[in-house]
Amino acid sequence: MKYEHFETKAIHVGHDQSQHNDSLAVPIYQTSTFVFPSAESGERRFAGQEQGYVYSRLSNPTVACLEERMAALEGGDRGLAFASGMAAVSAVLLGLAKTGDHILCSEGVYGCTYGLLHYMEEKLNISHSLLSMETKEEIEQAIVHNTSLIYIESPINPTMKLVDLQMVAHVAKEKGIPVIVDNTFCSPYLQQPLALGCDLVLHSATKYICGHGDVIGGIVVGREDVMKQLAATVQKDIGGVMAPFDAWLLLRGIKTLAIRLDRHCENAEKIAALLKGHPHIESVYFPGDNQFPQYALAQRQMKRGGGMISFTIKGGKEEAQQFMNALSLIKIAVSLGDAETLIQHPATMTHAVVAEEDREKMGIGQNLLRLSLGLEAWQDIWEDLERGFTALQNMPTVTNYESN
Ligand SMILES: *Cc1c(COP(=O)(O)O)cnc(C)c1O
């Protein structure tokens, strides 16, 4: 059965009740191995001549349902699940690049992806460069003879800068270079890179896909030939696979992906509007704001502005920390996409490993805070933020903003 709409696919794809004792929910196949009906059948399954499960590192029915559902939501042929977002990122990069290659990346990438790229450079002689990717010409010039992959995040964490995925895909296609997109910040509900011409999409499923802050997981979706290669190599032989129970929790989370994302976006829109123009606020970074420098691009490639806002307060590190400490409803934590609103300080948390000079270049100052809007009533979120502003109001005025 083919379903047309995202919301319906998110609830139904990949599960046929009649194949599972009429169970409405997808059962958790908590098993390491599968029993072959005969020795010959085992031989055929190993040879790939017979359908059927073999061993849960290779494939598991609960995990397979999640993979099929995510493939449907991203509009790809096949999905592969991994034990974490980083297991997905490393599987793709190690699976598709070889010694001597060069990877062209968007200017900001997730901290551990950045770490992995450096590790690959040192150990495997796979080089990379970071590029703002603002124009076609800039990308064409940055592609060198050994560039074998283009790797993008959009929006870029934490400044929410966007990369024009369609434009990059167009340039890459001319050169025959596959484009990989980390779509974690959007989820397939807000942005579908494959439809924009990109080749592979991956997620930290830990974030919006899960939505409840109780799973670490990763997903990759793409064309059958590429996914088949990844399944037979990095997924099988490096083996960072997802556990059946985690797949089950993610399937449960995905059922409400669309309605959750709408609320995350709505809350972000409300809070961004209130933050803008507040006397303690310097700047607000939110793709859903019609004064956001790339608002037109956001409208083109994203369904809505997303649930993430970054903002700078007037002050420095001390003010930022006082602000966070004054909050009560909003929790101080990294990660994002949960029901709870979370706040973090990129300069000392998610981006602490980035050299200060690079941080400055990326626009990550000591007064920048990142907010992951949860599903609470926006009035309560705002009331909590006002506690932060009150704390700033009460700070001694001797602070020298520049030296912090
Ligand atoms: C969290 C995150 C990752 C890493 O995912 P884990 O599930 O923590 O391994 C990768 N990319 C982005 C954009 C992330 O936010």
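In each ligand, atom 1 is the first atom listed, and ligand 1 is the first ligand listed.
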Contacts of Glu269 meeting salt bridge (Lys or Arg N to Asp or Glu O under 4.0 Å) (sequence neighbours excluded), chain-then-number -> Arg304
Indicate yes or no: does an N/O atom of Asp182 lie under 3.5 Å from an N/O atom of ligand 1?
yes
Using the six-membered ring wherever Trp is involved, compare the ring planes of His15 and His20 and label them parallel, tilted or perpendicular (cut-offs 30° and 60°).
tilted
State the atoms of ligand 1, each with its element, that fall below the 4.0 Å cut-off from a heavy-atom position in Gly217.
7 (O)
Could you give me the CA-CA distance, side-chain angles and deciding distance for Phe389 and Phe323, then say whether ring pair (Phe, Tyr, Trp, His ring centres under 6.0 Å) is met?
CA-CA 7 Å; Phe389 293 130; Phe323 182 87; 5.2 Å; yes
Taking the inter-plane angle between the rings of Trp382 and His278 on a 0 to 90° scale, is it parallel (under 30°), tilted (30 to 60°) or perpendicular (over 60°)?
perpendicular
Set of residues satisfying side chain to side chain donor-acceptor pair (under 3.5 Å) with respect to Thr256, sequence neighbours excluded
Arg260
Could you identify the single nearest non-hydrogen protein atom to atom 4 (C) of ligand 1 and state the distance to 0.1 Å?
Tyr110 CE2, 3.3 Å
Closest to atom 9 (O) of ligand 1 among protein heavy atoms sits Met86 N, 2.8 Å
Residue-ligand contact Ala87/ligand 1, heavy atom below 4.0 Å
no
Considering only the protein, which heavy-atom contact is closest to atom 7 (O) of ligand 1, and what is its distance?
Thr206 OG1, 2.6 Å
heavy-atom search around atom 6 (P) of ligand 1 in the protein gives Gly85 N, 3.4 Å
Nitrogen or oxygen atoms of Lys207 and ligand 1 under 3.5 Å apart:
yes
Quick test of your reading of the model: are Lys161 and Glu134 salt-bridged, counting only N-O distances below 4.0 Å?
yes
